[in-house]
K.L.:
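Got a structure for you, questions after.
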Amino acid sequence: FPVTIYPGRCMRRISVFCVVLSVCLLPTQLFSQTPTQGNILQLLSRHTQRPATFDQGAAEVVAYDSSSEIAILSDFSGNKLTYVNIVNPSAPVVVRDVALTPFNGKVNSVAVKNGLVAVALEDAVLKSNPGKVVFFDMLGNLRSQVTVGALPDMLTFTPSGQRVVVCNEGEPEVNYA
């Protein structure tokens, strides 16, 4: 599976550019005083992770698969993915957990496209070691894995779903070893 790797500093510049570009391209009707049917935000529901592990990374990143209506939560403290069925947003149901400890890494990010889940894992021993991206299907079955740069912190699929872009922070250890 092709993976494109960009150094952290370059990715930050790209992110800032994308945010500025997206703000410039927003439709002017979003800034109008009178809301229209197409631009009203509405809270449908909320999901509480049990046990509650707020401030411990229990749902740091959430990816959504529209075809199955499943949200995938990355849980850093539990080092797992949690698949939550939100067909009925007012009554979300935990479908499964996928443990990530067997892959010798700690979860940092998750993305999903066309039923394929990509997970960025930093090395479990030293964050300056190469990390990996692990791929699962929507049932939580391992599809493949690839080695990437140090401390992969964010990833996303390209619009076609044929590639994954990975942002590696590449931070040094505390002692700069």
K.L.:
Does any part of the side chain of Val107, heavy atoms only, come nearer than 4.5 Å to the side chain of Lys80, both counted from C-beta?
P.N.:
no

K.L.:
Going by atom types alone, do Asn79 and Ser77 pair a side-chain donor with an acceptor below 3.5 Å?
P.N.:
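Looking only at side-chain atoms, Ser77 and Asn79 do not form any donor-acceptor pair under 3.5 Å.
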
K.L.:
Could you walk me through whether Thr158 and Val165 pass the side chain to side chain contact (heavy atoms under 4.5 Å, CB included) test, one step at a time?
P.N.:
CA-CA 7 Å; Thr158 59; Val165 179; 4.1 Å; yes

K.L.:
So, does Gln145 use its side chain to make a donor-acceptor pair with the main chain of Lys132 at under 3.5 Å?
P.N.:
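Checking the backbone N and O of Lys132 against the side chain of Gln145, no donor-acceptor pair under 3.5 Å is found.
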
K.L.:
What's the verdict on side chain to side chain contact (heavy atoms under 4.5 Å, CB included) for Ser74 and Val110, showing C-alpha distance, side-chain angles and the deciding distance?
P.N.:
CA-CA 6 Å; Ser74 69; Val110 62; 4.2 Å; yes

K.L.:
Linking I/L/V/M/F/W/Y whenever any side-chain heavy atoms sit under 4.5 Å apart, do Leu139 and Phe136 land together?
P.N.:
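Result: no, two separate clusters.
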
K.L.:
Between NZ of Lys113 and CD of Gln162, what distance do you get to the nearest 0.5 Å?
P.N.:
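Reported to 0.5 Å precision, the distance equals 10.0 Å.
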
K.L.:
Quick check: closest heavy atoms across Ser160 and Asn114, and the distance to 0.1 Å?
P.N.:
O-ND2, 3.9 Å

K.L.:
Could you check if a side-chain atom of Phe76 sits within less than 4.5 angstrom of a side-chain atom of Asn108, using non-hydrogen atoms only?
P.N.:
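Yes, at least one pair of side-chain atoms sits under 4.5 Å.
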
K.L.:
Using the rule given for side chain to side chain contact (heavy atoms under 4.5 Å, CB included), can you reason through Val84 versus Leu73, listing the C-alpha separation, both sets of side-chain angles and the distance that settles it, and then say yes or no?
P.N.:
CA-CA 8 Å; Val84 180; Leu73 292 62; 3.7 Å; yes

K.L.:
Hey, could you give me the CD/CD distance between Glu171 and Glu122, rounded to the nearest 0.5 Å?
P.N.:
8.5 Å

K.L.:
Closest approach of Ala99 and Pro102, non-hydrogen atoms and distance?
P.N.:
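Reported closest heavy-atom pair: O-CD, 3.7 Å.
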
K.L.:
What about Val148 and Leu126, same hydrophobic cluster or not, with Ile/Leu/Val/Met/Phe/Trp/Tyr joined at side-chain heavy-atom distances under 4.5 Å?
P.N.:
no

K.L.:
Which atom names give the shortest non-hydrogen contact between Asp123 and Pro130, and what distance separates them?
P.N.:
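Smallest interatomic distance, heavy atoms only, reads CB-O, 3.7 Å.
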
K.L.:
Could you tell me whether the side chain of Asn168 and the main chain of Gly170 form a donor-acceptor pair under 3.5 Å?
P.N.:
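No: the side chain of Asn168 does not pair with the backbone of Gly170.
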
K.L.:
Shortest non-hydrogen contact from Pro172 to Lys127?
P.N.:
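Nearest pair, atom of Pro172 first, then Lys127: O-CE, 3.2 Å.
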
K.L.:
Does the side chain of Val164 reach to within under 4.5 Å of the side chain of Thr156, using non-hydrogen atoms?
P.N.:
no

K.L.:
Would you tell me whether Asp97 and Thr82 have side-chain atoms, one donor and one acceptor, within less than 3.5 Å of each other?
P.N.:
yes

K.L.:
Distance check, rounded to the nearest 0.5 Å: Met154 atom CE versus Ser109 atom OG?
P.N.:
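Here the interatomic distance stands at 6.0 Å.
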
K.L.:
Nearest heavy-atom pair of Gly131 and Pro152: which atoms, and what distance?
P.N.:
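Smallest heavy-atom distance, with atoms named: CA-CD, 3.9 Å.
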
K.L.:
State whether the side chain of Asp137 and the backbone N or O of Asn141 hold a donor-acceptor pair below 3.5 Å, judged by distance alone.
P.N.:
yes

K.L.:
If I take atom OH from residue Tyr64 and atom CD1 from residue Ile70, how far apart are they, to the nearest 0.5 angstrom?
P.N.:
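If we round to the nearest 0.5 Å, Tyr64:OH and Ile70:CD1 are 9.5 Å apart.
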
K.L.:
Given the rule that I, L, V, M, F, W and Y join up when any side-chain heavy atoms are under 4.5 Å apart, are Ile72 and Phe103 in one cluster?
P.N.:
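Yes, Ile72 connects to Phe103 through the hydrophobic network.
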
K.L.:
Would you say that Val166 contacts Val133 through its side chain, given a criterion of any heavy-atom pair below 4.5 Å between the two side chains?
P.N.:
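Val166 reaches Val133 side chain to side chain.
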
K.L.:
Whether Arg143 engages the ring of Phe135 as a cation-pi pair (distance to the six-membered ring centre under 6.0 angstrom, angle to the ring normal within 45°) should be assessed.
P.N.:
no

K.L.:
Determine the minimum heavy-atom distance between Gly140 and Val98, stating which atoms define it.
P.N.:
CA-CG2, 3.8 Å

K.L.:
Linking I/L/V/M/F/W/Y whenever any side-chain heavy atoms sit under 4.5 Å apart, do Leu121 and Leu151 land together?
P.N.:
no

